[in-house]
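Being a predicted model, the structure only gives us computed values, none of them experimental.
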Amino acid sequence: MIAQRALEALSPELRTLADEMDVSYATVLAWKTGKRTPGPDNLRKLAAAADRQADGLRGLAVELRRVVSSIAEQDR
């Protein structure tokens, strides 16, 4: 199920994700275990959380590349 895959890929801390989505921890846990399925509104919230995490990871990747470039320039 897509919601379970998204939950596995997203925050390993489900409580943080639940807070971010404004749903209960029990709800997110039920989605993750397949006991419940999120509705359209919560799927949108899950997608938004994925977007935010992806943006954060992209930003981190940019910073890491800057550090690598800086190190490479110093080695010259």
Check: Of Thr33, Val28, Leu29, which is the lone residue that meets side-chain contact (heavy atoms from CB on, under 4.5 Å) with Trp31?
Finding: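 Testing each of Thr33, Val28, Leu29 against Trp31, the sole residue satisfying side-chain contact (heavy atoms from CB on, under 4.5 Å) is Val28.
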
Margin query: I'd like to check the salt bridge (Lys or Arg N to Asp or Glu O under 4.0 Å) partners of Asp41; sequence neighbours left out, ordered by chain and number.
Written below: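 Partners of Asp41 by the salt bridge (Lys or Arg N to Asp or Glu O under 4.0 Å) criterion, ordered by chain and then number, come out as Arg44.
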
Next item on the list: Applying salt bridge (Lys or Arg N to Asp or Glu O under 4.0 Å), name anything that partners Asp55, two or more places apart in sequence or on another chain.
Entry: Arg58

State, to 0.1 Å, how close [X] and [Y] come at their nearest heavy-atom pair, and which atoms those are.
{"X": "Thr27", "Y": "Arg36", "value": "OG1-NH1, 3.7 Å"}
{"X": "Lys32", "Y": "Leu14", "value": "CD-CD1, 3.6 Å"}
{"X": "Asp22", "Y": "Lys45", "value": "O-NZ, 4.1 Å"}

Partners of [X] by side-chain contact (heavy atoms from CB on, under 4.5 Å), sequence neighbours excluded?
{"X": "Thr37", "result": "Met1"}
{"X": "Ala26", "result": "Ser24"}
{"X": "Leu64", "result": "Leu60"}
{"X": "Ser69", "result": "none"}

Check: According to the salt bridge (Lys or Arg N to Asp or Glu O under 4.0 Å) rule, which pairs have a member within residues 65-74, sequence neighbours left out?
Finding: none

Check: Side-chain contact, heavy-atom cut-off 4.5 Å: Leu17 with Glu13?
Finding: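 No; the side chains remain at least 4.5 Å from each other.
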
Note to self: Once side chain to side chain donor-acceptor pair (under 3.5 Å) is applied, do any residues pair with Arg52, and if so which ones, sequence neighbours excluded?
What the structure shows: Glu20

Check: To the nearest 0.5 Å, what is the distance between CG (Asn42) and CE (Met21)?
Finding: 5.0 Å

